[in-house]
Amino acid sequence: MNIIEGSFQAKGKKFAIVVSRFNHFIVDSLLEGAVDALKRHGSVNDDDITVVRVPGAYELPLAAKKLAKKGDFDAIIAIGAVIRGGTPHFDFVGECNKGLAQVCLESEIPVSFGVITTDSIEQAIERVGTKAGNKGAEAALGALEMVNVLSQI
Ligand SMILES: Nc1c(NC[C@H](O)[C@H](O)[C@H](O)CO)[nH]c(=O)[nH]c1=O
Ligand SMILES: CC(=O)[C@@H](O)COP(=O)(O)O
């Protein structure tokens, strides 16, 4: 039986992190977790990490598409925090995953999903490094593994 699975090792590989500024007090911790994971687990050089900031989660897919089209990156990590408010706006902004998945499939470049969608600030805080881990780091680990897996297919 042949099994293809990836390690996290990615020295020399290039990563773009597209990060939304909305809820920056949360997103900053997601970004920190993602960069830490790339460096500590992937041995990725600082110069091989590019951070692109956009206003909000709604803008993540367009920035990811432009980055994928440049062809300079082995993977893209999308980081954001969509926190439910008092209107259905959450339901629309949170759908940025559909655009990100489309970029991933069309470009055949891994676009990992580090956008948290929570009903409360407390839930968001739990997902940036307290009770529920750091979702930015998780997204980075997913990108590291996919770069390796795709290189073996
Ligand atoms: N409410 C949140 C937003 N809203 C802003 C949109 O993402 C977008 O930037 C705006 O509609 C202009 O096009 N964005 C988040 O990332 N998180 C939110 O909770
Ligand atoms: C996720 C959102 O768009 C949200 O922050 C907007 O808040 P509101 O629904 O109260 O306008």
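What you see is a predicted model; the values in this text were computed from it and never measured. Remember, it's 1-based here, ligands and their atoms both numbered in the order they're listed.
Considering only residues two or more places apart in sequence or on other chains, Ala16 meets the side-chain contact (heavy atoms from CB on, under 4.5 Å) condition with Leu67, Phe73, Ile76. For Ala137, the side-chain contact (heavy atoms from CB on, under 4.5 Å) partners at least two apart in sequence or on another chain are Ala37, Asn134.
For ligand 1 and Ala81, the ligand atoms under 4.0 Å from any heavy atom of the residue are 15 (C), 16 (O), 17 (N), 18 (C), 19 (O). Shown in contact with Asn23 at under 4.0 Å from a heavy atom are these atoms of ligand 1, numbered in order with element: 17 (N), 18 (C), 19 (O). Ligand-side atoms of ligand 1 in range of Gly56: 7 (O), 9 (O), 14 (N), 16 (O), range being under 4.0 angstrom from any heavy atom. With ligand atoms numbered from 1 in the order given, ligand 1 contributes 19 (O) to contacts under 4.0 Å with heavy atoms of Ile83.
Residue Pro55 places no N or O, backbone or side chain, under 3.5 Å from any N or O of ligand 1. Below 3.5 Å of separation, one finds no N or O of Val93 facing any N or O of ligand 1.
A donor-acceptor pair under 3.5 Å is formed between the side chain of Gln123 and the backbone N or O of Asp119. Glu138 places no side-chain N or O within 3.5 Å of a backbone atom of Gly133 that could act as its donor or acceptor partner. Side-chain atoms of Ser20 never come within 3.5 Å of backbone atoms of Phe22 as a donor-acceptor pair (strictly under, hydrogens ignored). Of the possible polar contacts, one joining the Gln152 side chain to the Asn148 backbone as a donor-acceptor pair under 3.5 Å is found.
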Tabulating one pair per line, provide the atom names and distances (0.1 Å) for every N/O atom of ligand 2 that is less than 3.5 Å from a protein N/O atom.
from, atom 1, to, atom 2, distance (Å)
ligand 2, 3 (O), His89, ND1, 2.5
ligand 2, 5 (O), Ile83, O, 3.3
ligand 2, 9 (O), Gly86, N, 3.3
ligand 2, 9 (O), Thr87, N, 2.9
ligand 2, 9 (O), Thr87, OG1, 2.5
ligand 2, 10 (O), Gly86, N, 2.8

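The shortest side-chain heavy-atom distance between Phe15 and Leu144 falls under the 4.5 Å cut-off.
For Gly80, the heavy-atom gap to ligand 1 stays at 4.0 angstrom or more.
One option in Tyr58, Phe92, Phe90, Phe22 has a heavy atom closer to atom 14 (N) of ligand 1 than any other, and that option is Phe22.
In this structure, the protein non-hydrogen atom closest to atom 16 (O) of ligand 1 is Ala57 N, 2.8 Å. In terms of protein heavy-atom proximity, atom 9 (O) of ligand 1 is nearest to Glu59 OE1, 2.6 Å.
Leu31 approaches Ile79 most closely through the heavy-atom pair N-CG2, 4.1 Å. When all heavy atoms of Cys96 and Pro61 are compared, the pair lying nearest together is O-CG, 3.6 Å.
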For residues 46-55, which side-chain donor-acceptor pairs fall under 3.5 Å, sequence neighbours excluded?
from, atom 1, to, atom 2, distance (Å)
Asp46, OD1, Lys39, NZ, 2.6
Asp48, OD1, Lys14, NZ, 2.8
Asp48, OD2, Asn45, ND2, 3.3

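Checked against Lys65 for a side-chain contact (heavy atoms from CB on, under 4.5 Å), the options Val18, Leu60, Val103, Leu100 give a single hit: Val103.
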